[in-house]
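Working notes for the structure below.
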Amino acid sequence: MKNNGSLENFISACDELITCKFLIAETKIQKLLGALASTPQVYELVSECMEQFNRDREMGKAFVQEARGNFVCVMPTEEFKVIALVFCTLADINAGKINFNDFIKRFFENDEGVPRFNHFIEVMIIPFRNLIAEAFGYPKINLGGKKEEPVAEEKTEPKIIDFELEKRLLIIPSIKNTVREELSARITLSQTCQVAQRIGGQLLEILDTLRSNEQVEDLKFLCYSLIMAASDDDFDMVRGAYLGLKYACKGVKPIKYLMRELEEAVEGFYRETLDNND
């Protein structure tokens with residue numbers, strides 16, 4: 001029953017994104033990724049898809065410029081690629097690697113007059129949600145956001161996730177644990193870097209209000225380094241920039257509380273990583 005609850009929470013998070021307004025979509029994306037991180041069955045499915053997925057090649061094939069000069073999103077035909085592509089895209093949006101507003105404007109303009117955000121939902125999120133829901137016997141939804149009731153056979157014999165995958169994971173439990181930990185670490189790293197990137201921007205805003213001197217200019221340089229490292233999910237560089245800021249900011253009281261928040265995010269993730277490696 002606990003696992004079913006987790007699955008229902010994940011599907012509910014997908015449905016919230018599908019039905020929400022554009023202005024709160026990024027919040028719903030973050031919630032969806034959090035639900036994915038806490039749902040073991042979805043972990044296993046997504047991680048299996050990711051193992052077979054060439055991220056750079058498939059992203060390059062999906063988001064392209066057509067002959068007329070318009071940018072379009074062309075979804076792959078293989079189901080595992082759909083799941084992996086959407087996961088990577090949402091993770092990049094959540095991490096700030098993809099500017100969500102620019103992404104929607106560029107790739108989801110259409111000739112049918114459908115609002116760009118709605119088109120994004122139809123092209124990417126509904127197929128992603130339906131593939132995962134169907135894999136565990138939950139009803140799909142159509143483009144109007146309404147659930148499609150499964151036929152009688154599906155109610156008595158729900159579709160089960162890949163039996164061969166399940167057998168391999170049972171035979172070699174470490175594979176399942178390793179893949180789950182790697183996917184969890186990726187999401188946690190992205191969330192940590194997103195916090196660091198936000199705080200870096202807030203620090204710059206405060207520093208811009210201070211009288212310019214050598215210390216302030218050094219702090220600004222370190223903030224830019226922090227933001228760039230965070231945008232690349234490069235935790236070593238993020239921590240290096242944080243440590244530089246920590247020792248360079250002595251005496252600059254206006255940024256004290258932001259530095260404390262940055263310390264909690266960066267050092268908290270660092271300690272968690274050390275604990276997991278012990």
Side-chain angles (χ1 to χ4, degrees), residues 1-50 53 55 58-59 62-63 73 75-95 97-98 100-101 103-104 107-108 114-150 154-155 158-162 179-180 183-184 186-188 190-191 194:
M1 295 299 291
K2 184 178 179 180
N3 287 343
N4 287 339
S6 295
L7 278 165
E8 289 165 3
N9 289 339
F10 171 75
I11 292 171
S12 175
C14 291
D15 292 345
E16 287 184 25
L17 174 58
I18 289 168
T19 57
C20 78
K21 301 294 185 182
F22 173 71
L23 290 176
I24 60 171
E26 290 185 77
T27 300
K28 298 300 182 182
I29 288 172
Q30 186 176 43
K31 181 176 180 180
L32 187 157
L33 291 173
L36 187 154
S38 61
T39 308
Q41 302 97 313
V42 180
Y43 259 141
E44 293 169 10
L45 178 58
V46 174
S47 59
E48 173 72 3
C49 295
M50 291 294 294
F53 186 69
R55 183 189 184 282
E58 297 300 334
M59 294 283 273
F63 304 114
C73 173
M75 293 295 286
T77 56
E78 299 95 330
E79 292 183 349
F80 83 91
K81 288 185 180 180
V82 172
I83 291 174
L85 176 72
V86 175
F87 170 75
C88 288
T89 303
L90 295 181
D92 283 355
I93 291 169
N94 189 55
K97 288 185 175 183
I98 293 176
F100 187 50
N101 189 50
F103 176 70
I104 294 296
F107 291 106
F108 294 95
V114 178
R116 291 183 179 92
F117 175 63
N118 291 10
H119 192 48
F120 160 74
I121 294 295
E122 292 175 0
V123 170
M124 297 194 74
I125 305 304
I126 289 179
F128 173 77
R129 182 260 190 221
N130 281 346
L131 285 171
I132 295 176
E134 190 178 23
F136 298 102
Y138 286 82
K140 298 192 296 182
I141 59 174
N142 58 32
L143 294 183
K146 297 180 179 179
K147 291 184 178 180
E148 297 178 0
E149 293 299 328
E154 289 179 323
K155 290 181 179 179
K159 182 178 179 181
I160 304 299
I161 192 171
D162 188 350
V179 168
R180 183 176 301 167
L183 193 58
S184 177
R186 181 181 306 173
I187 294 172
T188 305
S190 294
Q191 292 171 341
Q194 184 180 30

Problem set entry | Worked verdict on F87 versus L36 for side chain to side chain contact (heavy atoms under 4.5 Å, CB included) | CA-CA 10 Å; F87 170 75; L36 187 154; 3.9 Å; yes
Is any side-chain heavy atom of [X] less than 4.5 Å from a side-chain heavy atom of [Y]?
X	Y	result
L85	R55	no
F53	E58	yes
C73	H119	no
F120	F107	no
I98	T89	yes
N118	F108	no
F128	M124	no
Q41	I132	no

Considering all heavy atoms of both residues, which atom of [X] and which atom of [Y] are nearest to each other, and what is their separation?
X	Y	answer
F80	C49	O-CB, 3.5 Å
S6	S38	OG-O, 3.8 Å
L90	L33	O-CD1, 3.7 Å

Exercise. Where does the angle between the aromatic ring planes of F100 and F22 fall among parallel (under 30°), tilted (30 to 60°) and perpendicular (over 60°)?
Worked result: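 Rings of F100 and F22: parallel, under 30°.
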Just how far is it from atom [atom1] of [X] to atom [atom2] of [Y], taken to the nearest 0.5 Å?
X	Y	atom1	atom2	answer
I125	T19	CD1	OG1	12.0 Å
K28	L17	NZ	CG	9.0 Å
C14	I121	SG	CD1	10.0 Å
R129	L32	CZ	CG	11.0 Å
I24	E16	CD1	CD	8.5 Å
C88	K81	SG	NZ	13.0 Å

May I ask you to decide if [Y]'s main-chain N or O and [X]'s side chain share a donor-acceptor pair within less than 3.5 Å?
X	Y	value
Q194	N94	yes
S12	E8	no
Y138	I11	no

Exercise. Looking at residues at least two apart in the chain, or sitting in another chain, which of them share a side chain to side chain contact (heavy atoms under 4.5 Å, CB included) with L131?
Worked result: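 Side chain to side chain contact (heavy atoms under 4.5 Å, CB included) check on L131 returns E79, V82, I83.
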